[in-house]
Number of protein chains: 2
Amino acid sequence: MVKTEASSQSATQERLLTVALKAFGSRDYDDVSTREIVQAAEANISAISYHFGGKRGLYLATVTYLTEQLKTGMTNRLEEIRQTANDSPPERSAGLICDFLLHFLEHILLGEMGQHAPGIIFREQNRPTEAYDILYEKLLAPMHFTLASLIARYRKREPSDPEIIIMAHTMIGQTVIFRIGRTTLLRRLNQTAYNRATMEALKRQLRTYYLALLDASTDATEMETRDHAE
Amino acid sequence: MVKTEASSQSATQERLLTVALKAFGSRDYDDVSTREIVQAAEANISAISYHFGGKRGLYLATVTYLTEQLKTGMTNRLEEIRQTANDSPPERSAGLICDFLLHFLEHILLGEMGQHAPGIIFREQNRPTEAYDILYEKLLAPMHFTLASLIARYRKREPSDPEIIIMAHTMIGQTVIFRIGRTTLLRRLNQTAYNRATMEALKRQLRTYYLALLDASTDATEMETRDHAE
DNA sequence: GATATTCAATCAATCGTTTGACTAAAGCAA
DNA sequence: TTGCTTTAGTCAAACGATTGATTGAATATC
């Protein structure tokens with residue numbers, strides 16, 4: 001009786017999608033076999049063709065399923081934040097940016113969906129297929145736009161300013177690296193997993209870095225080649 | 001007559017490795033077939049088993065080959081920089097850090113080897129195999145250690161300080177995101193590839209951000225739970 | 001009884017690997 | 001030098017296993 005968006009999905013479809021998300025999120029597309037999926041989902045091999053038209057269709061449906069699952073935890077929150085920012089003075093935007101990024105950090109490091117989503121997202125980033133279009137429209141773009149909007153408000157610039165976009169991208173980068181490069185960081189710290197203490201230290205430091213970036217003056221480096229409009 | 005390290009490789013081995021690097025660097029392991037490799041390398045199918053013991057052996061050899069190729073451009077440079085830093089006042093370390101990271105940026109965005117390396121590295125980060133050990137020891141660790149060493153010198157801390165390590169990790173993150181997430185950024189900027197102008201703007205901004213991070217005071221956030229030793 | 005779904009069986013294609021014959025160069029005793 | 005053996009490397013052909021997909025009958029649901 002579970003319904004997701006407009007598509008009313010059968011129990012078998014739902015089971016296939018959850019299993020597929022786990023599989024595709026942690027292993028390569030070609031490394032995941034259809035037989036392995038249907039076995040874990042307790043379905044028949046032909047269920048994939050029947051419900052999704054094939055393995056490829058299942059993969060695309062999984063990506064859509066992923067964005068829908070992330071809606072409550074992430075995407076919806078974005079609009080709220082953007083509204084809050086519009087109703088508050090620009091100086092408050094900095095706090096909102098930090099809060100959102102740190103919430104995002106916890107999500108991808110400790111959240112359940114954060115275990116599977118990055119694998120798919122980073123694969124599609126590296127070699128985009130039509131699945132990337134889904135991710136961009138439903139997930140990456142909303143996040144990027146909202147972040148740029150907040151930064152622009154704080155720095156009193158246009159959200160479409162390339163400099164603002166690049167700054168947003170940078171801040172995302174210094175966040176997701178703790179998921180992408182967690183293997184390396186944990187090895188450097190002689191740890192096997194992110195514990196509470198490390199997480200707190202991480203968040204405290206990152207907040208400082210976010211603020212440092214937001215307040216960084218670009219004038220010092222602009223003086224050489226750029227003519228400043230302001 | 002090409003010799004790499006201690007292993008004297010036949011022409012066939014060399015051809016297989018270059019082809020394999022290109023293939024494994026841009027596509028998934030299981031998506032790359034042995035037949036496709038030997039065809040592109042103009043070798044026989046059994047050459048893989050003969051020279052590398054199988055597909056898996058070829059992959060591991062490719063990773064080693066990758067680290068060796070990066071030695072002249074990256075790894076060797078690290079030791080030089082570390083030496084230069086030791087012979088200069090701590091304040092100069094900031095400039096060295098920026099120069100190295102920006103050089104690294106250019107390398108992964110425009111360099112030839114930068115086309116193939118990230119694909120392998122990020123895959124091994126997400127799902128480490130024994131190939132990750134090679135990458136960590138020969139590439140990731142040297143870079144991480146050197147960067148932490150420079151930062152520690154600049155901020156007058158211990159290189160083993162977790163806070164320094166995390167800062168190094170953050171700076172790496174805000175650099176590599178422009179390779180990992182380039183598809184998203186380029187789409188945001190309405191571009192199809194990194195051009196000269198964008199590269200210059202990128203480097204100028206990132207330099208500012210590096211310096212902002214290096215000079216960011218952690219005291220403001222430390223006052224709650226931490227006791228500062230200095 | 002009409003529709004929707006599941007099932008076991010089977011399909012051709014491709015996978016990585018192995019085989020044994022073949023070539024060419026090197027080693028070596030005469 | 002000559003003749004023989006050894007070794008390294010290449011080659012086409014075939015191996016069994018697994019892949020995604022399809023079939024048509026069986027079953028469930030309304």
Side-chain angles (χ1 to χ4, degrees), chain A residues 1-4 6-65 120 123 127 129-131, chain B residues 1-4 6-65 120 123 127 129-131:
Chain A
M1 214 61 73
V2 182
K3 289 191 63 174
T4 311
S7 59
S8 68
Q9 304 179 124
S10 72
T12 305
Q13 285 186 55
E14 185 78 20
R15 264 180 292 131
L16 283 173
L17 286 174
T18 57
V19 169
L21 178 59
K22 219 176 288 191
F24 288 130
S26 58
R27 311 216 313 280
D28 290 339
Y29 178 83
D30 291 285
D31 192 29
V32 176
S33 72
T34 54
R35 284 178 171 80
E36 150 199 353
I37 291 179
V38 297
Q39 186 173 356
E42 293 180 342
N44 189 267
I45 176 72
S46 63
I48 292 179
S49 296
Y50 181 78
H51 287 291
F52 303 101
K55 182 184 182 182
R56 184 74 197 160
L58 173 60
Y59 176 71
L60 293 177
T62 303
V63 173
T64 303
Y65 176 74
I120 295 178
R123 186 193 316 149
R127 244 173 79 79
T129 69
E130 47 182 325
Chain B
M1 214 60 78
V2 183
K3 289 192 62 172
T4 311
S7 59
S8 65
Q9 305 178 123
S10 72
T12 305
Q13 284 186 56
E14 186 80 19
R15 264 180 292 131
L16 284 173
L17 287 175
T18 56
V19 169
L21 178 60
K22 220 175 288 191
F24 288 130
S26 57
R27 310 216 315 280
D28 290 340
Y29 177 83
D30 291 284
D31 193 28
V32 176
S33 72
T34 55
R35 284 178 171 82
E36 150 199 352
I37 291 180
V38 296
Q39 185 173 356
E42 293 180 342
N44 188 267
I45 177 71
S46 62
I48 292 179
S49 294
Y50 181 78
H51 287 291
F52 303 100
K55 183 184 182 182
R56 183 72 197 162
L58 172 60
Y59 176 71
L60 292 176
T62 303
V63 173
T64 303
Y65 177 73
I120 295 178
R123 184 192 318 149
R127 244 172 79 78
T129 69
E130 49 181 323

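Note: A/Y29 and A/F24 have parallel aromatic rings, judged against thresholds of 30 and 60 degrees for the angle between ring planes.
If you take CZ of B/R15 and C1' of D/dG9, they are 12 Å apart, rounded to a whole angstrom. A/Y59 places its OH atom 19 Å from the C1' atom of D/dT19, with the value rounded to the nearest Å. Atom P of nucleotide D/dT29 and atom OH of A/Y50 are separated by 13 Å, given to the nearest angstrom. Look at CG on A/D28: it is 16 Å from C1' on D/dT19, rounded to the nearest Å. Atom pair B/I48:CD1 and D/dG9:C1' shows a separation of 15 Å (rounding to whole Å applied).
Side-chain atoms of B/T18 come within 3.5 Å of backbone N or O of B/R15 as a donor-acceptor pair. B/D28 places no side-chain N or O within donor-acceptor distance of the main-chain N or O of B/D30, the cut-off being under 3.5 Å.
Of all nucleotides listed (C/dA8, C/dT5, D/dA12), D/dA12 comes nearest to the side chain of B/S46. Set against D/dC11, D/dT10, D/dG20, the side chain of A/R35 has D/dG20 as its closest nucleotide. Of the candidates C/dT5, D/dC11, D/dA21, the closest approach to any side-chain atom of B/N44 belongs to D/dC11.
In terms of position on DNA chain C, the residue among A/H51 and A/I45 whose nearest nucleotide sits closer to the 5' end is A/H51. Between A/S49 and A/D31, the residue anchored closer to the 5' end of DNA chain D is A/D31, taking for each the nucleotide with the nearest heavy atom.
At the heavy-atom level, B/V38 lies nowhere under 4.0 Å from the strands shown. A/T12 comes within 4.0 angstrom of the backbone, heavy atoms only, and of no base.
The environment of CD in A/Q39 is sparse: at most 12 heavy-atom neighbours from other residues, nucleotides or ligands sit within 6.0 Å.
For D/dG20, the OP1/OP2 oxygens have a side-chain nitrogen or oxygen of A/T34 closer than 4.0 Å. At least one side-chain nitrogen or oxygen of A/S33 sits closer than 4.0 Å to the OP1 or OP2 atom of D/dT19.
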